[in-house]
Every structure is written in C-alpha cells, then in structure tokens.
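Everything numeric in this text was worked out from a predicted model, so none of it was measured.
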Amino acid sequence: MQHDIAIVGAGPVGLCLARALAMQGLKVALVERQPQEALADPAFDGREIALTHASIRLLRELGVWPHIPDGEIHPMHAARVMDRDLPQELRITPRVAPDAGGHLGSLVANHLIRRAAWLAAQETPGIDLYPSATIQAVHAGADAAWLQLRDGPRLEARLLVAADSRFSETRRALGIDADLHDFGKSMLVCRVRHELPHEHAAWEWFGLGQTLALLPLEEHLAGAVVTLPGEQARVLAALDDDAFARELEKRYGGRLGRMELVGSRHVYPLVATWARRFTGPRLALAGDAAVGMHPVTAHGFNLGLASVERLSDLAATALRQGRDLGDPFLLVRYERRHRRGSWPLFQATRAIVGLYTDERAPARWVRGAALRASAALPPFKRVLAAVLTDAGPVDPSPLQRLRSGLQQLRPG
C-alpha cells in the first residue's frame with residue numbers, strides 16, 4: 001500500500017506527528033505493536049510530564065490540548081533545586097506572578113497526553129493505523145522506503161519515520177548506531193498525598209545516594225520520583241503501602257509531613273540515548289528514537305514535540321516547493337536543526353547528573369559553588385525561566401534570540 005509517510009511507533013510523539021502531517025493533506029501509515037485498545041485507553045504509568053509553553057502551544061495547534069480535561073492540567077508556579085550539603089537553594093519563578101496568570105509550565109499525566117493524542121488522531125482523515133503489528137522487514141534507501149508487516153501488507157512511503165522509543169528496533173535495523181548511557185539506576189514514580197503544601201513548586205533534590213523530585217499536582221497531591229540504584233528501587237517498590245509511605249517521609253526529610261501512597265508504583269531503568277545520525281536516505285528519527293533524555297530536567301517529551309514541529313516544517317516546505325518528502329537536502333536541514341536544538345540540553349543534563357551524583361569532596365565543592373552562584377544571579381534565573389515560558393517557534397531567528405536575551409538581562 002502506498003503512503004506519503006510511514007511512522008513506526010504510536011506513542012504520543014508518533015501520534016502527534018501523524019496528526020501534524022495528515023493535517024497538511026498527507027497520507028500517513030502509523031504502525032504500532034500495541035493493540036488498538038491499549039492506544040485508545042492507556043493505563044496510568046506513574047509519569048507526570050512537565051510541558052513548556054512551547055509544547056502547550058503545539059498541542060493546541062494540533063487539537064490535542066482540548067482533549068485533556070481542565071482538572072488534570074496542573075500549573076507549575078516555581079522550581080526548586082536543592083543539594084543536601086547546602087542550606088541555599090536555586091528557586092526559579094516566572095517573571096509574571098502566578099496570581100496574574102504566570103507559571104513556568106504545566107504538569108499532565110503521561111497517559112492522559114497519550115489518550116488525547118489518540119483522540120486527535122482519530123479525528124483526522126488520512127491516517128491509516130496498523131495496530132498489533134510486527135515488522136518483518138524494513139528498508140529505507142534512495143530509491144524507496146517500505147515496511148513489510150508480518151501477516152500484513154507491504155507499506156510503501158516516500159519517507160519513513162522511526163518514533164519507536166529510545167531502544168528503537170527500526171533505528172537498529174537500518175544501521176544507525178546510538179550512544180546509550182546506562183546510569184545504573186532506576187526511577188521509581190508514583191503519586192502521593194502529603195500533609196504540608198508544596199505551593200505548586202517542583203523540586204529537584206540531590207541527596208546522598210539518591211535523587212528526589214516532586215511534581216506538584218493539586219495542593220496536597222504530587223508525583224514523587226525517587227532515583228536509586230536498581231536493586232534499591234526494586235526493594236523500595238516492594239514494600240507494603242504503609243511501610244512505603246513511611247520510607248518516603250524519611251527520604252523527603254519530613255518536608256512534606258505525613259505522606260500517603262495514591263495508586264500504583266512504577267520502576268523504570270535510567271538509560272539516555274543519543275543517535276549518531278537523526279536521518280538517512282528517506283529516513284528520519286523522532287522523539288526518543290533520536291534523543292532519549294535523563295528525566296532530571298523533565299524535558300524529554302518537549303524535545304520529542306520539537307522533532308514533531310521540525311518534521312512538520314520539513315513536510316510543509318516540500319509541499320510548498322513541490323519537492324520530494326525524502327529530499328536529502330530537507331532531511332539534512334531537519335538533522336541540523338534538531339541536533340542543534342537538542343545537543344546543548346542533552347549535554348548539560350548529563351553534566352548536571354554527573355556532578356550532582358558524584359559524592360567525592362571536589363565534586364561537592366564545585367556543585368555547592370555552582371548552586372550558590374546561580375542562586376545569586378537574577379539574570380541567570382530569568383534565562384532559565386524564559387526557556388520554559390517561551391511559547392515561540394522551536395527555532396527562532398537570530399534577531400528573535402537577541403531580543404529575548406536582552407529582555408532577560410533587564411531588571412524585572
């Protein structure tokens with residue numbers, strides 16, 4: 001069967017990309033190994049996604065945002081970065097006060113984003129879904145791109161997009177290697193009710209042998225994230241509900257008062273991925289297949305949506321100029337834009353994780369000095385807040401960058 005674009009992976013990035021391309025009149029094949037029932041009604045998986053204003057803008061443009069219930073969208077008024085060795089903390093706030101409508105971003109449960117993206121895709125003509133699919137063979141070359149499904153049709157397309165996770169089988173099958181960094185730790189995530197208010201501030205707290213995060217939902221409800229060596233995470237996850245809650249109270253230093261588990265617990269291994277190439281002949285990587293982030297900055301899905309916007313722009317350019325969707329020059333442009341937009345954050349995240357999980361005395365001194373300096377520099381904090389609150393295009397012009405930078409340097 002002939003399509004304009006074939007996408008492997010119907011996660012939130014794959015669904016959003018299919019919607020963005022089909023809205024331009026393109027015929028899209030969306031291939032997914034999960035059954036359709038799991039796509040239509042995804043289960044809670046413990047993950048809360050911190051969406052920037054730019055990501056929210058794109059979700060609105062794609063018609064995904066209206067499918068998320070208003071009561072499940074939780075504004076984030078501030079972010080706190082803490083180190084066990086220091087009384088100081090870095091606190092990031094928006095330039096506009098929360099009571100005037102300002103916030104750094106919004107938190108939405110991952111399964112609700114997936115469901116909303118599914119509903120938006122279902123509304124869109126031009127998307128052919130192939131659920132419960134196993135790919136028997138795949139090819140992407142200068143002449144053609146195609147997928148042969150086991151017990152199914154052969155899908156031909158002018159462009160193939162791999163959006164099938166950081167462990168992408170499609171990426172591997174087509175010979176694109178990736179740098180995978182296993183941090184040797186696991187992330188335990190769950191929801192908790194707690195006695196003391198969080199004031200809608202997100203926490204990132206680097207402690208001895210662990211990293212803690214708090215993702216504020218309702219005033220006394222939050223997503224808890226505990227990063228530990230893998231076996232310790234499994235032991236913690238296996239405690240009964242009461243013992244688990246008491247253990248969290250101790251790990252959070254009593255700062256939230258009494259805590260109570262809400263719902264299920266989930267453990268995920270921490271592995272970061274950086275593909276050596278983001279494109280090939282009639283091939284593009286999107287989402288985690290291109291860049292799989294460590295969750296410490298909660299920015300992975302935002303980068304995935306940035307790949308959606310950049311690939312959508314590639315398609316729009318091809319249609320406007322009458323060019324092939326697999327035009328190598330357009331693919332080179334996508335690679336350059338997405339690599340340039342992802343590399344600084346990817347490397348900064350790895351550096352932060354390395355520094356703040358190193359228990360040696362020199363590392364403790366360096367991170368203490370860095371945290372004190374950052375907390376004492378208002379322009380630095382304004383720049384961090386601006387990254388989160390900027391709702392503009394993912395690739396601003398040099399003039400837009402200059403104006404934004406000058407604005408953040410002004411006292412405010």
Side-chain angles (χ1 to χ4, degrees), residues 11-12 15 34-35 37-51 59 64-65 67-77 79 105-119 165 185-205 207 210-270 294-296 298 300-301:
L15 287 165
Q34 290 189 87
E37 296 76 16
L39 296 174
D41 189 22
F44 175 73
D45 60 12
R47 290 177 287 189
E48 315 289 347
I49 306 301
L51 296 168
L59 292 176
V64 174
W65 194 250
H67 290 295
I68 301 174
D70 290 342
E72 299 290 348
I73 301 170
H74 306 284
M76 185 170 60
H77 294 168
S106 294
L107 289 155
V108 180
N110 183 60
H111 74 289
L112 295 180
I113 296 175
R114 295 175 68 97
R115 182 180 300 153
W118 164 261
L119 291 172
S165 88
K185 296 183 178 181
S186 293
M187 176 179 69
L188 186 154
V189 294
C190 63
R191 284 187 171 185
V192 293
R193 292 199 182 279
H194 45 88
E195 180 182 11
L196 302 179
H198 50 52
E199 298 178 339
H200 297 281
W203 297 9
E204 194 70 41
W205 188 3
Q210 66 177 5
T211 302
L212 302 170
L214 186 80
L215 302 173
L217 305 174
E218 298 169 7
E219 184 54 273
H220 293 274
L221 177 70
V225 184
V226 183
T227 301
L228 294 165
E231 183 57 29
Q232 293 182 32
R234 286 188 287 273
V235 170
L236 179 59
L239 296 176
D240 65 59
D241 289 358
D242 186 66
F244 178 79
R246 304 291 80 74
E247 181 65 21
L248 282 191
E249 290 172 8
K250 289 190 291 185
R251 289 182 179 275
Y252 281 86
R255 295 190 179 198
L256 294 166
R258 189 165 181 82
M259 302 175 73
E260 174 187 355
L261 177 68
V262 178
S264 53
R265 294 166 252 181
H266 304 264
V267 177
Y268 299 98
L270 286 187
H294 188 290
V296 68
F301 182 57

Participant: Tell me every residue that passes side-chain hydrogen bond (donor to acceptor under 3.5 Å, both in side chains) with His67, counting only those two or more places apart in sequence or in another chain.
Facilitator: Glu123
Participant: Side chains of Phe244 and Leu188: does their closest heavy-atom pair fall under 4.5 Å?
Facilitator: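 The answer is yes; the side chains approach within 4.5 Å.
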Participant: Do His77 side-chain atoms and Ala201 backbone N/O form a donor-acceptor pair below 3.5 Å?
Facilitator: no
Participant: Are Trp65 and Leu51 close enough that some pair of their side-chain heavy atoms sits under 4.5 Å apart?
Facilitator: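 A side-chain contact under 4.5 Å exists here.
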Participant: Closest approach of Leu261 and Ala245, non-hydrogen atoms and distance?
Facilitator: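 Where Leu261 meets Ala245 most closely, the heavy atoms are N-CB, 4.4 Å.
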Participant: My understanding is that only residues two or more places apart in sequence, or in another chain, count here; which of them pass side-chain hydrogen bond (donor to acceptor under 3.5 Å, both in side chains) with Glu199?
Facilitator: none
Participant: What's the shortest heavy-atom distance between Gly257 and Glu249, and which atoms?
Facilitator: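 Smallest interatomic distance, heavy atoms only, reads O-CG, 3.7 Å.
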Participant: Please evaluate residues Arg191 and Phe44 with respect to the criterion side chain to side chain contact (heavy atoms under 4.5 Å, CB included), reporting the C-alpha separation (whole Å), side-chain torsions for both, the decisive distance (0.1 Å), and the verdict.
Facilitator: CA-CA 11 Å; Arg191 284 187 171 185; Phe44 175 73; 3.9 Å; yes
Participant: Are any non-hydrogen side-chain atoms of Leu256 and Trp203 less than 4.5 angstrom apart?
Facilitator: yes
Participant: Give a yes or no on whether the backbone of Ala213 and the side-chain of Glu204 come within a donor-acceptor separation of less than 3.5 Å.
Facilitator: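 Absent.
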Participant: Rounded to the nearest 0.5 Å, how far apart are CG of Leu215 and CD1 of Ile49?
Facilitator: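 Between atom CG of Leu215 and atom CD1 of Ile49 there are 9.0 Å.
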Participant: Could you tell me whether the side chain of Leu212 reaches within less than 4.5 Å of the side chain of Tyr252, counting heavy atoms only?
Facilitator: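 They are in contact (side-chain heavy atoms under 4.5 Å apart), so the answer is yes.
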Participant: Please determine if Arg265 and Asp241 form a salt bridge, counting it only when a charged side-chain N lies under 4.0 Å from a carboxylate O.
Facilitator: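 Asp241 and Arg265: salt-bridged.
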Participant: Look up atom CG in Leu236 and atom CG in Leu248, then write down how far apart they are to the nearest 0.5 Å.
Facilitator: 6.0 Å
Participant: Could you tell me if the side chain of Glu218 sits less than 4.5 Å from the side chain of Arg193, heavy atoms only?
Facilitator: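 In contact.
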Participant: Quick one: salt bridge (Lys or Arg N to Asp or Glu O under 4.0 Å) pairs with a partner in residues 220-236, sequence neighbours left out?
Facilitator: Glu231-Arg234
Participant: Grab the two heavy atoms, one from Ser264 and one from His266, that are nearest each other, plus how far apart they are.
Facilitator: OG-NE2, 2.8 Å
Participant: Has His220 got a side-chain atom pairing as donor or acceptor with Glu195's backbone, closer than 3.5 angstrom?
Facilitator: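 Flag set: sc His220 to bb Glu195 pair under 3.5 Å.
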Participant: Under 6.0 Å from the ring centre and within 45 degrees of the ring axis: does the NZ or CZ of Arg47 meet both conditions for the six-membered ring of Phe301?
Facilitator: no
Participant: To check you understand the geometry: which heavy-atom pair defines the closest contact between Ala222 and Pro216, and what is its length?
Facilitator: CB-CA, 4.3 Å
Participant: Asp242: what forms a side-chain hydrogen bond (donor to acceptor under 3.5 Å, both in side chains) with it, not counting sequence neighbours?
Facilitator: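 Testing Asp242 for side-chain hydrogen bond (donor to acceptor under 3.5 Å, both in side chains), a comparison that skips the adjacent residues, returns Arg246.
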Participant: Within the side chain of Glu219, is there an N or O that forms a donor-acceptor pair under 3.5 Å with the backbone of His198?
Facilitator: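 Yes; judged by distance alone, with no hydrogens or angles, the pair exists.
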Participant: Looking only at heavy atoms, what is the nearest atom pair of Asn110 and Pro12, with distance?
Facilitator: OD1-CG, 4.5 Å
Participant: Could you check if a side-chain atom of Val262 sits within less than 4.5 angstrom of a side-chain atom of Leu221, using non-hydrogen atoms only?
Facilitator: yes
Participant: Taking atom OG of Ser186 and atom CG of Leu228, what is their separation to the nearest 0.5 Å?
Facilitator: 8.5 Å
Participant: Can you tell me how far the CD atom of Glu48 sits from the CE atom of Met76, to the nearest 0.5 Å?
Facilitator: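 Answer rounded to 0.5 Å: 12.5 Å.
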Participant: Going by salt bridge (Lys or Arg N to Asp or Glu O under 4.0 Å), name the residues that satisfy it together with Glu247, two or more places apart in sequence or in a different chain.
Facilitator: Lys250, Arg251
Participant: For Val108, is there any backbone N or O sitting under 3.5 Å from a side-chain donor or acceptor partner on His74?
Facilitator: no
Participant: Going by heavy atoms in the side chains, are Arg255 and Leu196 under 4.5 Å from each other?
Facilitator: no
Participant: Calculate, to the nearest 0.5 Å, the distance between atoms CG and CD1 belonging to Leu59 and Ile68 respectively.
Facilitator: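 Here the rounded value is 6.0 Å.
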Participant: On a heavy-atom basis, which atom in Pro42 and which in Arg115 lie closest, and how many Å separate them?
Facilitator: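 So the minimum-distance heavy-atom pair works out to O-NH2, 3.5 Å.
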Participant: Got a sec, which residues hit side-chain hydrogen bond (donor to acceptor under 3.5 Å, both in side chains) with Glu260, two or more places apart in sequence or on another chain?
Facilitator: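 Applying side-chain hydrogen bond (donor to acceptor under 3.5 Å, both in side chains) to Glu260 gives none.
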Participant: Does the side chain of Leu270 reach to within under 4.5 Å of the side chain of Thr227, using non-hydrogen atoms?
Facilitator: yes
